[in-house]
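First the structure, in the form of structure tokens, and then the observations on it.
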Amino acid sequence: MLRVQGLQAAYGKITALWGVDFDVGQGEIVALVGANGAGKTTTLKAISGLVRPQAGAIVLDGQPLTRCSTMEIVGRGVVHVPEGRKLFPEMTVRDNLLLGGFTRAARPRQQERLAEVFAIFPRLRERERQLAGTLSGGEQQMVAIGRGLMAGPRILMLDEPSLGLAPIMVEEMFRVVEEINRQGVTVLLVEQNTEHALAIAHRGFVLESGRVVLAGTGSQLLADPKVREAYLGL
Amino acid sequence: MALLEIEGLTRTFGGLRAVGDLSFNVGEQEVLGLIGPNGAGKTTVFNLITGYVQPSAGRIRLDGKSVVGLRPHAVARRGIARTFQIVKPFPGLTVKENVTLAAFLRHPARRDAEAFALDVLGRLGLGSRAGDLASQLTLLDQKRLELAKALATGPRLLLLDEPMGGLNPSEVDVASGMVEEIRRGGVTVILVEHVMKAIMRISDRVVVVNQGEKIAEGPPAQVVREPAVLAAYFGKRSA
Amino acid sequence: MRTFVTSIFALLAVLSSSPALAQPLRIGAPQPMTGPDAPFGDKFKKAYGMAIEEINAAGGVNGRKLEIVIEDHQAKNALAATVTEKLITQEKVLVLTGGRASGQAMEIASISQRLKTPYLVDHPSADMITAKGFEWVFRNNPTGSIYPAAFNDFISTYPGAMPKSAAVVYDNTLFGKTIGAAVMKQLKAKGVAIVADEAYPVNTLDFKPIMTKVKGTNPDYLLLVAVSTTDAILLTRHAKEIGIRPRAFVGFGGGFGVADMATQLGPLAQNVFSSAAWSGNPNDPKVKAFYAKFHKQFGIWPHEHEVEGYSIIYIIADALKRAKLTGNLDADRDAVRKALLATDMTTVFGKVKFGNWAGPLGDMYTNQNIYSPEHSVMAQWKGGQLLNVWPKSNAETGLTFPDPLALK
Amino acid sequence: MRSLAPWLAGAVALAALPVFAPNSFFLHVAILILMWTLLGAAWNVLGGFAGQVSFGHAALFGIGAYVTMILYLKAGVSPWWGIPVGGLVAALASLPIGLVCFRLRGPYFSLATLAVAEIVKLVALNWEAVTNGPVGFLITGLPPLRVFGLAVDWESKLPFYVVAALLALAGLASTAWLRTSRLGAYLVAIRENEDAAEAVGIDTVRAKVMTLALSAFLAGMGGGFYAFYFRYVDPDAVLNISLSMEMVFIAMVGGLGTVGGPLIGAIFLTTVGETVRERFQVGHLIFYGLFMMLAIRYMPEGIWGRARKLFSSLQARVLGHGAA
Amino acid sequence: METFAQSLTSGVLTGALYAMIGIGLTVVFGVMRIINLAHGEMVMLGMFGAFWGQALWKLDPFLSLVLWVPLMFLGGMLLYRLLLRKIIPGGELNTLLYTAGLSLLIANLALFFWTGDYRTINLSYGQEPVRPFGISIAVPLAVAFVVALAITGALWLFLSRTDMGRAIRATSQNGEAAILMGVDVERVAMITFGLGTALAGAAGVLLAPSLYLYPTVGELLIVKCFVIVVLGGLGSVPGAIAGGILLGVVESLGAVYVSSTYKDGIGFVLFLAVLLYRPSGLFGVGK
């Protein structure tokens with residue numbers, strides 16, 4: 001469904017990606033794992049058009065995404081839930097969610113999707129009129145994911161959804177990711193919580209210094225001692 | 001007596017406790033690794049030591065004298081230098097000018113400062129690039145420059161924030177070598193790093209923090225096997 | 001660096017390219033033609049033009065035509081100095097007039113004095129301009145501290161008019177403070193209590209707060225000073241709206257005499273006094289003729305400014321006629337200055353004779369029109385018209401005092 | 001040695017100018033240009049080098065003007081001493097201003113300086129005992145100055161020209177000094193990255209305050225010069241926002257953070273202003289505004305910056321390398 | 001007591017109009033991070049719109065809003081599209097100076113075509129003030145106040161209830177996240193600039209009957225405008241409303257209880273104090 005080939009990207013003079021290759025199949029959960037600074041976030045930013053790739057291809061259903069603006073990419077169903085949640089802090093939960101359904105394609109179905117999001121996160125219905133900036137970390141992450149779902153994504157790209165959450169919320173978050181996937185949304189998951197991410201992922205890719213160094217199914221990678229090496233230098 | 005003593009260091013942002021009741025010491029000429037998962041509060045610890053952020057509670061002493069409340073430049077004058085996770089060169093200046101600026105701290109005369117800057121650049125293998133603009137350097141060289149700037153302030157204690165981040169494995173080796181070289185030169189180092197290979201190789205001791213608190217301390221090879229550390233790094237799988 | 005210096009010369013050469021016409025007698029007038037004061041510059045431009053046209057049509061001055069050179073100073077002091085310098089050294093004018101606001105006039109006066117070129121002030125009213133001993137500077141119009149002369153005369157001579165107390169509200173500009181100070185000094189000398197002494201910044205949007213404060217002091221007279229027309233109108237409106245009911249409202253400053261007072265305020269303007277340096281003597285046929293002609297030519301009724309501009313040209317022409325001009329610019333300028341010293345004539349503005357005398361605030365004036373105190377007039381708004389009421393010699397109608405509203 | 005040549009040439013041209021000037025108006029324009037060069041340089045020290053955009057320099061100019069004027073009128077201090085003392089007082093006054101405003105960054109700093117300038121103006125308007133309020137001060141004549149037994153007559157333009165030239169040179173020299181000095185290097189570091197500057201031991205607040213003081217000293221001397229040259233000081237003339245803006249324009253059009261920029265900016269804006277005013281009686285400010293917009297749109301690095309760029313690319317092409 | 005009530009009322013009424021000018025400036029800052037120095041000239045254009053509407057077509061100034069607001073909106077969008085869009089990436093200082101040039105240009109074009117004359121608008125119904133509870137309120141100011149409230153209310157509805165309004169708020173709170181939502185930030189910027197211009201124009205139309213108008217009146221208003229938006233927190237609409245009213249009241253009470261000459265000074269001191277102790281403004285959230 002989504003194929004990334006030889007992706008290179010840089011911030012100014014600093015090259016962050018040196019040629020990343022992976023693919024995501026329809027209905028899968030794919031985890032991108034790796035140490036801090038390995039290039040996971042940059043990969044997502046390149047896919048969603050926030051960072052212009054210097055070389056390589058990003059192809060969705062056989063159509064290139066590389067030259068599209070973020071607006072068009074979102075319109076085609078590739079939705080990026082950024083690291084750190086990036087909510088609109090002075091807007092209500094409801095307004096945050098509605099903005100997720102801003103694209104022309106998504107607008108007619110706003111109410112319907114709002115109901116779906118509230119079904120997944122009943123907590124958010126209670127907080128509908130509250131300002132997003134006043135929510136707890138876990139609730140904010142729910143809003144961020146819910147906001148992503150409002151666009152009606154075909155692929156949902158989640159960047160560190162468990163970051164900074166209390167352990168119980170981390171559990172909840174992974175449960176929700178699986179739930180969303182069961183409803184037919186393909187998920188590209190970037191996580192530091194490697195164990196957990198690989199446990200729920202169908203397949204995973206390990207990034208190191210801007211390159212994919214290992215690939216396999218989630219359980220293969222979990223068992224692979226090389227993954228630990230890449231992290232802990234054991 | 002330890003060179004740096006940290007006792008009960010705490011900092012909260014709004015309701016969030018970024019660093020909580022953290023205590024550790026660093027001895028003369030030691031290399032201490034400060035590790036922990038993303039968001040554990042490592043950079044905040046650096047910001048607290050160097051005066052960019054003021055602690056909510058706790059003591060920080062260099063040579064027995066408190067550095068709490070000093071502004072960053074004054075901390076630098078006392079002999080603590082730091083690098084930034086995201087390198088902060090002065091991009092419009094040449095490499096030599098960048099380092100000379102730092103050298104002014106101990107060498108007020110321009111001639112002396114420049115000479116010292118060139119000396120530091122030579123030691124770090126940047127001598128040949130002295131005349132280039134900082135913005136034109138490769139990442140490795142920018143990291144070198146960051147290090148050179150810190151060294152040029154003539155520190156006793158050097159805080160390195162992810163010096164290996166974004167480097168490829170062979171570059172990591174080069175950078176690790178540089179840190180070892182610096183220690184041999186008599187400088188104490190605290191190292192925040194995610195590249196564990198480097199941590200294992202160069203640190204004498206590591207302190208592991210998670211959610212702002214110390215969860216382990218000891219020799220690197222031993223610490224990374226502790227279950228609390230493994231859980232902090234890889235998360236716990238739901239049963 | 002060298003090329004930049006040559007480019008200065010090149011650019012300066014461009015500036016100097018105006019041809020030196022020796023034929024007409026040139027009068028220089030720095031005026032604000034752009035910037036916030038532009039409307040005033042425009043009034044003077046019309047007035048000067050009309051007078052010069054008349055004089056030239058009648059054969060000019062001793063056979064030579066008059067010419068006016070107006071330079072824009074944007075109401076900025078430094079620019080006023082620049083254009084004055086230019087008029088004197090480049091345009092080689094014989095005599096200067098204009099200025100509009102006192103700050104700019106001060107610069108013009110100072111340079112005229114230094115470069116020995118006569119400057120005949122037509123409108124700027126700061127006392128300082130003719131109180132610094134500048135022998136090259138003359139002024140036809142009254143100084144600021146003379147504005148209240150008619151008012152002063154009125155309260156001293158009209159039966160029962162002496163105020164029991166007075167509130168004084170003035171803007172914190174040179175103009176406002178000068179008149180405010182003069183009025184208060186004179187009132188205090190007569191033993192009148194000043195119950196409110198309020199300065200405000202020009203172009204205030206809302207005077208109601210000040211007026212509420214003033215109302216609390218229950219003044220017998222309310223004296224308002226405004227350099228800006230906006231302020232004059234809003235002061236009056238807000239004072240009345242708040243319900244201050246003194247025996248007399250007296251305004252000082254041009255704004256209280258403009259037609260907008262009536263159109264803007266309607267019935268609120270009724271019985272407000274305007275004590276001004278000059279309100280024209282409508283009983284004088286020459287004034288009437290000038291008003292009619294000006295209205296015919298430009299479609300607007302002239303006021304203080306137009307009269308000042310128009311008269312000043314006649315004073316200059318009169319001096320030029322008497323001066324022995326030789327063609328040597330320095331000598332000619334001195335001749336004009338000497339001729340001005342001997343001026344003794346009457347214009348639409350009134351009588352002119354320059355002399356040295358002491359003003360109401362104790363300043364020693366040099367070359368200030370000695371008839372200035374006599375020009376001061378009190379007028380009153382009646383049924384949308386401003387009519388002179390004091391002194392009796394210039395009165396068009398009887399005055400209404402005290403204000404009937406105060407008696408209710 | 002080579003770098004001294006243009007300076008020498010400039011000094012010679014400056015010295016020669018009065019000899020060739022056809023009349024005093026030319027000298028007047030030249031004096032204005034020199035005064036604006038000083039003021040542009042004063043602003044540039046802070047705005048161009050330290051990257052701190054002040055909209056309140058009129059306050060420093062005004063303080064200099066008032067101090068010089070008051071010293072002369074109340075104590076008979078001659079311009080020779082009055083102008084530098086005016087600069088010193090402005091520099092002193094800038095210390096508290098700096099301590100307040102430097103706590104803010106970016107546009108907030110600019111707006112704070114604007115507010116400070118407005119407050120200073122209000123004080124000048126209302127503190128009548130010292131400033132004479134809106135009436136201001138007027139000097140009628142300056143006694144001749146005795147230097148080495150020579151009596152210099154202030155009635156002619158020449159002495160003013162000499163003083164203005166010295167002041168402009170002082171402004172440009174301060175900028176040139178700053179470019180090579182330690183403080184200047186610190187300022188560039190602060191402009192490029194304030195946190196990194198602190199990290200290498202630069203006391204950024206002190207460096208900024210010192211620079212502001214230098215800038216204030218120059219601006220204050222400009223004010224002092226204005227007071228003596230124009231001989232009339234009142235709040236509206238010397239504390240106007242438009243003065244602050246003019247200084248920004250000059251530094252900007254000439255080239256931010258360059259040594260020659262203020263001179264070029266002053267020459268350009270003064271002559272453009274004069275020429276346009278000459279040609280278009282009404283509405284000449286339309287062209288001034290348009291010119292500002294075009295300059296920023298097409299020459300954001302300023303005339304000097306653009307010229308230097310063109311020169312170096314030309315040089316590169318001629319020498320056959322660096323042509324990209 | 002009467003004095004206090006009167007000055008408070010005056011302050012609130014004038015403050016509401018200040019607020020409208022401030023809102024225009026603040027939304028533009030929020031989305032584009034630029035301070036538009038030509039904002040005062042937009043108000044001036046609105047004032048002249050009201051004037052010419054009445055002079056040429058006998059249009060009631062308040063009714064003429066229907067004509068001028070859409071026109072100013074279009075004008076603002078064009079201005080952004082043709083001129084500002086290219087400048088903004090050049091940085092804060094450049095934009096600031098560019099808009100300073102623009103302000104000079106607009107004011108002097110107005111001066112050229114309309115001359116510098118001071119003009120007034122007369123309303124047949126504006127002569128007598130209304131006096132609820134013994135407090136005097138001028139009719140034009142009262143009408144302007146009510147219309148300003150209505151416009152502000154409409155703006156609030158637009159910003160909170162429509163997709164475009166939400167997109168504008170979102171862009172000003174977190175530009176990158178807004179892009180990720182598929183918001184066309186360029187278009188949002190253009191519409192926001194149009195909106196800011198239209199609000200300034202509307203404020204001008206409303207102010208015209210209570211004030212004199214002349215081409216350089218903008219200078220007077222822009223400085224007040226800065227004070228308002230900083231008081232309220234740059235970028236915050238509720239902040240601008242509160243800041244406007246606060247400034248109006250502080251000036252009004254200050255004139256009575258402190259000194260009328262220092263009333264502008266009180267505003268500036270407040271402004272500095274807020275900048276220092278709450279740089280995000282009195283009503284700003286977070287840092």
Side-chain angles (χ1 to χ4, degrees), chain B residues 46-47 49-53 70-94 96-114 117 120 133-135 145-155 158-159 161, chain D residues 3 44 47-52 98-99 102-105 176-211 255-259 261 300-302 304-306 308-309 312-313 316 321-322 324:
Chain B
F46 273 17
N47 285 339
I49 298 174
T50 49
Y52 284 87
V53 174
L70 297 181
R71 298 227 330 273
H73 68 89
V75 176
R77 179 158 289 277
R78 291 280 281 275
I80 303 180
R82 73 172 292 182
T83 65
F84 290 92
Q85 189 176 346
I86 296 160
V87 290
K88 293 187 178 182
F90 307 116
L93 300 183
T94 65
K96 184 176 139 194
E97 285 166 339
N98 264 277
V99 182
T100 306
L101 272 170
F104 277 137
L105 185 64
R106 309 277 174 216
H107 306 271
R110 180 173 277 273
R111 187 185 304 236
D112 299 346
E114 282 178 354
V120 171
L133 283 183
S135 55
L145 174 59
E146 189 79 2
L147 208 55
K149 271 163 55 192
L151 281 180
T153 63
L158 187 57
L159 312 186
D161 198 351
Chain D
S3 65
N44 192 35
F49 278 82
Q52 306 294 315
L99 287 177
F102 282 135
R103 294 177 56 182
L104 302 160
R105 290 188 188 182
W177 167 78
L178 203 57
R179 206 176 55 169
T180 54
S181 74
R182 193 145 61 96
L183 179 61
Y186 285 178
L187 294 181
V188 176
I190 291 168
R191 193 181 64 203
E192 303 250 324
N193 193 323
E194 210 164 323
D195 282 341
E198 278 275 338
V200 296
I202 298 172
D203 187 339
T204 53
V205 171
R206 203 179 106 148
K208 284 195 280 189
V209 168
M210 276 171 66
T211 314
L256 272 184
T258 61
V259 175
E301 70 276 63
W304 184 275
R306 166 56 64 93
R308 215 168 41 181
K309 221 187 231 177
S312 56
S313 79
H321 53 70

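Numbers restart at 1 for each chain; the letters A, B, ... are given by sequence-line order, proteins then strands. Just so it is clear, the values below take in all heavy atoms, side chains as well, and ignore hydrogens, waters and symmetry mates.
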query: Can D/Val200 and B/Leu105 be said to form a side chain to side chain contact (heavy atoms under 4.5 Å, CB included), step by step?
result: CA-CA 7 Å; D/Val200 296; B/Leu105 185 64; over 6 Å; no
query: So do the side chains of B/His73 and D/Thr204 get within less than 4.5 Å of each other, counting heavy atoms only?
result: no
query: Between D/Ser181 and chain B, which part of the residue has a heavy atom less than 4.5 Å away: side chain, backbone, both or neither?
result: backbone
message: Heavy-atom pairs under 4.5 Å with chain D - which of B/Ala76, B/Ala81, B/Ala152 has more of them than the others?
response: B/Ala76
- line: The interface call for B/Arg110 against chain D, heavy-atom contacts under 4.5 Å, is side chain
field: Expected output: side-chain D/Glu192 to main-chain B/Gly92 donor-acceptor under 3.5 Å
entry: yes
Atom of B/Phe84, atom of D/Ala196 and distance for their closest heavy-atom approach: CE1-CA, 4.0 Å
query: Are any non-hydrogen side-chain atoms of B/Phe90 and D/Arg191 less than 4.5 angstrom apart?
result: no
- prompt: Do the side chain of D/Arg182 and the main chain of B/Pro108 share a donor and acceptor less than 3.5 angstrom apart?
  reply: yes
query: Under 6.0 Å from the CZ atom of D/Arg179, do we count more than 12 heavy atoms belonging to anything else shown?
result: no
D/Val205 vs B/Arg71 side-chain heavy atoms within contact, under 4.5 Å: yes
query: Checking heavy atoms, do the side chain of B/Phe104, its backbone, both or neither come under 4.5 Å from chain D?
result: both
statement: Scored by heavy-atom pairs under 4.5 Å with chain B, the best of D/Asn193, D/Thr180, D/Val188 is D/Asn193
query: Going from CD on D/Glu194 to NZ on B/Lys88, what distance comes out if it is rounded to the nearest 0.5 angstrom?
result: 10.5 Å
